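All remarks here apply to the structure that follows.
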Amino acid sequence: MPGVVLVPGWLGAGEQRELVAACREWARPPAGMRVVRLPSGGVMSARTVCLGWHWYPYGYARTVVDGDGAPVKPFPPLLDALARRAVREAYGADGGGVAGAAGYAPDVALVNHYPHGARMGLHQDREERVDAPVVSLSLGDACVFRLGGAEHRTGPWTDLELRSGDLLVFGGEARFAYHGVPRTLPGTADPELGLTGRLNITVRQSGMA
(Lines give C-alpha, C1' and ligand atoms only; values in the text may rest on other atoms or scores of the structure.)
Protein backbone atom coordinates (compact mmCIF):
# COMPACT_ATOMS: atom_id res chain seq x y z
CA MET A 1 0.00 0.00 0.00
CA PRO A 2 1.35 3.50 -0.81
CA GLY A 3 2.71 5.11 2.34
CA VAL A 4 3.82 1.85 3.98
CA VAL A 5 7.57 1.38 4.45
CA LEU A 6 9.05 -1.76 6.02
CA VAL A 7 12.76 -1.81 6.85
CA PRO A 8 13.88 -5.22 8.18
CA GLY A 9 16.62 -5.15 10.81
CA TRP A 10 16.56 -1.35 11.11
CA LEU A 11 17.60 -1.53 14.77
CA GLY A 12 20.96 -3.10 15.54
CA ALA A 13 21.44 -5.56 18.39
CA GLY A 14 22.78 -2.88 20.73
CA GLU A 15 19.89 -0.52 20.00
CA GLN A 16 17.42 -3.34 20.65
CA ARG A 17 18.97 -4.12 24.03
CA GLU A 18 18.93 -0.42 24.93
CA LEU A 19 15.23 -0.17 24.07
CA VAL A 20 14.30 -3.30 26.01
CA ALA A 21 16.07 -1.90 29.09
CA ALA A 22 14.31 1.45 28.62
CA CYS A 23 10.93 -0.27 28.27
CA ARG A 24 11.48 -2.04 31.59
CA GLU A 25 12.02 1.32 33.27
CA TRP A 26 9.02 2.92 31.57
CA ALA A 27 6.84 -0.03 32.64
CA ARG A 28 7.45 0.58 36.35
CA PRO A 29 4.71 2.29 38.39
CA PRO A 30 3.49 4.92 38.85
CA ALA A 31 1.86 5.34 35.43
CA GLY A 32 3.32 1.95 34.57
CA MET A 33 2.27 -0.87 32.30
CA ARG A 34 -1.39 -1.73 32.62
CA VAL A 35 -4.16 -3.93 31.29
CA VAL A 36 -6.54 -1.95 29.06
CA ARG A 37 -10.28 -2.47 29.46
CA LEU A 38 -12.40 -1.62 26.41
CA PRO A 39 -15.79 0.14 26.59
CA SER A 40 -17.39 -3.16 25.55
CA GLY A 41 -16.08 -4.73 28.76
CA GLY A 42 -13.43 -6.77 27.00
CA VAL A 43 -9.79 -6.71 28.07
CA MET A 44 -6.86 -6.33 25.68
CA SER A 45 -4.44 -9.28 25.88
CA ALA A 46 -1.46 -6.99 25.22
CA ARG A 47 -0.41 -4.78 28.15
CA THR A 48 0.38 -1.10 27.56
CA VAL A 49 2.38 1.79 28.98
CA CYS A 50 2.08 5.28 27.50
CA LEU A 51 4.63 8.08 27.24
CA GLY A 52 4.03 11.78 26.53
CA TRP A 53 0.26 11.42 26.47
CA HIS A 54 -1.83 8.67 28.05
CA TRP A 55 -3.92 6.74 25.54
CA TYR A 56 -7.17 5.16 26.69
CA PRO A 57 -10.14 3.90 24.65
CA TYR A 58 -10.58 6.17 22.81
CA GLY A 59 -8.73 9.39 23.61
CA TYR A 60 -5.70 11.00 25.24
CA ALA A 61 -5.15 12.46 28.70
CA ARG A 62 -2.27 13.78 30.78
CA THR A 63 -2.95 11.32 33.59
CA VAL A 64 -3.67 7.59 33.69
CA VAL A 65 -7.43 8.11 33.83
CA ASP A 66 -8.20 4.39 33.55
CA GLY A 67 -5.47 3.27 35.97
CA ASP A 68 -3.64 4.69 38.98
CA GLY A 69 -4.37 8.33 38.07
CA ALA A 70 -0.69 9.28 38.04
CA PRO A 71 0.73 11.81 35.57
CA VAL A 72 1.88 10.16 32.37
CA LYS A 73 5.64 9.71 31.96
CA PRO A 74 7.39 12.21 29.63
CA PHE A 75 7.97 11.41 25.98
CA PRO A 76 11.64 10.33 25.96
CA PRO A 77 14.32 11.96 23.76
CA LEU A 78 15.46 8.45 22.73
CA LEU A 79 12.15 7.76 20.99
CA ASP A 80 11.93 11.28 19.60
CA ALA A 81 15.27 10.85 17.84
CA LEU A 82 14.49 7.34 16.57
CA ALA A 83 11.05 8.28 15.23
CA ARG A 84 12.29 11.41 13.45
CA ARG A 85 15.09 9.38 11.84
CA ALA A 86 12.63 6.67 10.86
CA VAL A 87 10.29 9.08 9.06
CA ARG A 88 13.20 10.85 7.37
CA GLU A 89 14.65 7.58 6.11
CA ALA A 90 11.23 6.25 5.07
CA TYR A 91 10.09 9.25 3.03
CA GLY A 92 13.17 11.43 2.48
CA ALA A 93 14.26 14.70 4.02
CA ASP A 94 11.44 16.60 2.27
CA GLY A 95 8.76 14.10 3.33
CA GLY A 96 8.13 12.79 -0.17
CA GLY A 97 4.72 14.42 -0.33
CA VAL A 98 3.43 12.30 2.57
CA ALA A 99 1.16 14.28 4.88
CA GLY A 100 2.91 15.28 8.10
CA ALA A 101 6.25 13.71 7.18
CA ALA A 102 8.03 17.02 6.65
CA GLY A 103 8.41 18.65 10.03
CA TYR A 104 7.37 15.47 11.82
CA ALA A 105 7.22 16.15 15.58
CA PRO A 106 6.28 13.03 17.59
CA ASP A 107 5.08 13.49 21.15
CA VAL A 108 3.41 10.24 22.22
CA ALA A 109 4.42 6.58 22.37
CA LEU A 110 2.55 3.40 23.25
CA VAL A 111 4.64 0.45 24.38
CA ASN A 112 2.69 -2.79 24.02
CA HIS A 113 3.90 -6.05 25.54
CA TYR A 114 2.53 -9.21 23.93
CA PRO A 115 2.98 -12.22 26.22
CA HIS A 116 2.65 -15.61 24.56
CA GLY A 117 -0.85 -15.96 23.12
CA ALA A 118 -1.61 -12.24 23.04
CA ARG A 119 -3.04 -10.55 19.96
CA MET A 120 -4.38 -7.20 18.80
CA GLY A 121 -7.64 -6.92 16.90
CA LEU A 122 -7.94 -4.89 13.71
CA HIS A 123 -8.28 -1.20 14.48
CA GLN A 124 -7.48 2.29 13.20
CA ASP A 125 -5.32 4.88 14.98
CA ARG A 126 -7.75 7.82 14.93
CA GLU A 127 -7.32 9.56 18.27
CA GLU A 128 -4.68 11.97 16.93
CA ARG A 129 -5.61 15.41 15.59
CA VAL A 130 -3.13 15.27 12.70
CA ASP A 131 -2.45 12.70 10.00
CA ALA A 132 1.32 12.48 10.50
CA PRO A 133 2.85 9.02 9.99
CA VAL A 134 2.93 6.28 12.62
CA VAL A 135 6.28 4.70 13.47
CA SER A 136 6.32 1.11 14.76
CA LEU A 137 9.36 -0.69 16.20
CA SER A 138 9.39 -4.44 16.96
CA LEU A 139 11.41 -6.16 19.68
CA GLY A 140 11.54 -9.78 20.82
CA ASP A 141 9.32 -12.45 19.30
CA ALA A 142 8.27 -12.10 15.69
CA CYS A 143 4.61 -11.56 14.88
CA VAL A 144 2.14 -11.63 12.03
CA PHE A 145 1.10 -8.03 11.34
CA ARG A 146 -2.15 -7.71 9.38
CA LEU A 147 -2.66 -4.59 7.27
CA GLY A 148 -5.97 -3.79 5.60
CA GLY A 149 -7.54 -0.80 3.90
CA ALA A 150 -8.80 2.45 5.36
CA GLU A 151 -12.46 1.86 4.53
CA HIS A 152 -13.36 -1.62 5.80
CA ARG A 153 -12.25 -3.90 8.62
CA THR A 154 -13.14 -6.99 6.59
CA GLY A 155 -10.24 -7.00 4.16
CA PRO A 156 -8.62 -7.75 1.83
CA TRP A 157 -5.54 -7.88 4.03
CA THR A 158 -1.81 -8.17 3.64
CA ASP A 159 0.02 -10.20 6.30
CA LEU A 160 3.62 -9.25 7.09
CA GLU A 161 6.02 -11.02 9.42
CA LEU A 162 7.67 -8.47 11.68
CA ARG A 163 10.86 -9.55 13.45
CA SER A 164 12.89 -8.01 16.23
CA GLY A 165 14.59 -4.84 15.04
CA ASP A 166 12.18 -4.23 12.15
CA LEU A 167 10.84 -0.75 11.42
CA LEU A 168 7.38 -0.19 9.98
CA VAL A 169 6.18 3.28 9.05
CA PHE A 170 2.73 3.99 7.69
CA GLY A 171 1.51 7.36 6.49
CA GLY A 172 -0.19 8.97 3.53
CA GLU A 173 -2.92 6.73 2.11
CA ALA A 174 -2.12 4.08 4.72
CA ARG A 175 -2.25 6.35 7.79
CA PHE A 176 -5.76 5.27 8.77
CA ALA A 177 -5.56 1.71 7.49
CA TYR A 178 -7.00 -1.03 9.69
CA HIS A 179 -4.21 -3.07 11.22
CA GLY A 180 -3.63 -5.61 13.97
CA VAL A 181 -1.61 -8.56 15.22
CA PRO A 182 -3.48 -11.87 14.86
CA ARG A 183 -0.66 -13.85 16.46
CA THR A 184 2.89 -13.78 17.73
CA LEU A 185 5.50 -16.46 17.07
CA PRO A 186 6.76 -17.61 20.50
CA GLY A 187 10.40 -18.55 20.88
CA THR A 188 11.66 -16.50 17.93
CA ALA A 189 13.37 -13.77 19.98
CA ASP A 190 17.13 -13.57 20.37
CA PRO A 191 17.82 -14.98 23.88
CA GLU A 192 20.36 -12.20 24.45
CA LEU A 193 17.50 -9.70 24.63
CA GLY A 194 16.29 -11.37 27.81
CA LEU A 195 12.71 -10.75 26.69
CA THR A 196 9.75 -13.11 26.86
CA GLY A 197 7.12 -12.31 24.24
CA ARG A 198 7.05 -9.27 21.98
CA LEU A 199 7.41 -5.54 22.56
CA ASN A 200 6.00 -3.07 20.08
CA ILE A 201 6.77 0.63 20.38
CA THR A 202 4.35 2.80 18.41
CA VAL A 203 5.28 6.48 18.10
CA ARG A 204 2.79 9.12 16.94
CA GLN A 205 2.27 12.85 16.67
CA SER A 206 -0.84 13.77 18.61
CA GLY A 207 -1.43 17.28 17.27
CA MET A 208 -2.36 18.44 20.78
CA ALA A 209 -0.61 21.31 22.53
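Fair warning: this is a prediction, and the values are worked out from it, not measured in the lab.
Of the inter-residue distances, the one linking L79 atom CG with C23 atom SG reads 7.5 Å to the nearest 0.5 angstrom. Taken from CD in E18 to CG in L139, the straight-line distance is 11.0 Å, to the nearest 0.5 Å. Atoms CG and CD1, from N112 and I201 in turn, are 10.0 Å apart once rounded to the nearest 0.5 Å. To the nearest 0.5 Å, atom CG of residue L199 and atom CD of residue Q16 are 11.0 Å apart. T202 contributes atom OG1, which lies 7.0 Å from atom CG of D125 (distance to the nearest 0.5 angstrom). Going from atom CD of Q124 over to atom CD of E127 covers 9.5 Å, rounded to the nearest 0.5 Å.
Looking only at side-chain heavy atoms (C-beta outward), L122 and W157 come within less than 4.5 Å of each other. A heavy-atom distance below 4.5 Å is not found between the side chains of D159 and F145. Within the 4.5 Å cutoff, the side chain of L185 has no heavy atoms near those of the D141 side chain. Side-chain contact between V169 and V4: absent, with no pair of heavy atoms (C-beta onward) separated by less than 4.5 Å. L147 places none of its side-chain heavy atoms less than 4.5 Å from the side chain of L168. With a 4.5 Å cut-off on side-chain heavy atoms, R62 and P71 do not count as touching. Using a 4.5 Å heavy-atom threshold, the side chains of L193 and R17 count as touching. Inter-residue side-chain proximity for V130 and Y104 is flagged as unmet; no heavy-atom pair is nearer than 4.5 Å.
A single hydrophobic cluster is seen to contain both M44 and V108, as judged by linkage of ILVMFWY side chains at heavy-atom distances under 4.5 Å, directly or through other members. One hydrophobic cluster holds both V5 and L82 under the rule that ILVMFWY side chains link at heavy-atom gaps under 4.5 Å. F170 and M1 fall within the same hydrophobic cluster, where Ile, Leu, Val, Met, Phe, Trp and Tyr residues are linked whenever their side-chain heavy atoms come under 4.5 Å apart, directly or through other members. Residues V65 and L38 do not share a hydrophobic cluster, defined by chaining ILVMFWY side chains whose heavy atoms lie under 4.5 Å apart. Grouping the Ile, Leu, Val, Met, Phe, Trp and Tyr side chains by contacts below 4.5 angstrom, directly or via other members, places M208 with Y58.
Within 6.0 Å of atom CZ in R183, 12 or fewer heavy atoms from other residues, nucleotides or ligands are found, so the atom counts as exposed in its surroundings. Under a cut-off of 6.0 angstrom, the local environment of CZ in R85 is crowded, with over 12 non-hydrogen atoms contributed by other residues, nucleotides or ligands.
Judged purely by distance below 3.5 Å, without hydrogens or angles, the side chains of Y178 and E151 never pair a donor atom with an acceptor atom. Between the side chains of E89 and W10, at least one donor-acceptor pair of N or O atoms lies under 3.5 Å.
Between the side chain of K73 and the backbone N or O of V49, no donor-acceptor pair lies under 3.5 Å. A side-chain donor-acceptor contact under 3.5 Å links D107 to the backbone of S206. Using a distance-only test at 3.5 Å, with no hydrogens or angles considered, no donor-acceptor pair links the side chain of T48 to the main chain of R34. Without hydrogens or angle criteria, Y91 side chain to A99 main chain gives no donor-acceptor distance under 3.5 Å. Side-chain atoms of H113 never come within 3.5 Å of backbone atoms of A27 as a donor-acceptor pair (strictly under, hydrogens ignored). Of the possible polar contacts, none joining the R146 side chain to the P182 backbone as a donor-acceptor pair under 3.5 Å is found. Between the side chain of N200 and the backbone N or O of S138 there is no donor-acceptor pair closer than 3.5 Å. When atom types are taken as modelled, the side chain of W55 and the backbone of L51 share no donor-acceptor pair closer than 3.5 angstrom. No donor-acceptor distance shorter than 3.5 angstrom exists from the side chain of E128 to the backbone of Q205, with no hydrogens or angles considered.
One finds no salt bridge joining D66 and R37 here, because no Lys/Arg side-chain nitrogen approaches an Asp/Glu carboxylate oxygen to under 4.0 Å. Salt bridge absent: E173 and R175 never bring a charged side-chain N and a carboxylate O closer than 4.0 Å.
P133 and A101 make their closest contact through CD-N, 3.9 Å (heavy atoms, listed as atom of the first residue, atom of the second, distance). Taking every heavy atom of both residues into account, P57 and V36 meet most closely at CG-CG1, 3.6 Å.
Taking the ring centre of F176 as origin, the terminal cationic atom of R126 falls inside the region bounded by 6.0 Å and 45° from the ring axis. Figure legend: R198 and Y114 shown as a cation-pi pair, the cationic atom lying under 6.0 angstrom from the six-membered ring centre and within 45 degrees of its axis.
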- Could you go through the side chain to side chain contact (heavy atoms under 4.5 Å, CB included) check for V181 and V144 one step at a time? CA-CA 6 Å; V181 176; V144 175; 5.9 Å; no

*When you look at V203 and F75, which way does the side chain to side chain contact (heavy atoms under 4.5 Å, CB included) test go after all the steps?*
CA-CA 10 Å; V203 182; F75 182 67; 3.8 Å; yes

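Ring-plane geometry between H54 and Y56 is classed as parallel, the angle between the planes falling under 30 degrees on a 0 to 90 degree scale with a further cut at 60.
Shown here are the ring-ring contact (aromatic ring centres under 6.0 Å, His included) partners of H123, two or more places apart in sequence or in another chain: H179.
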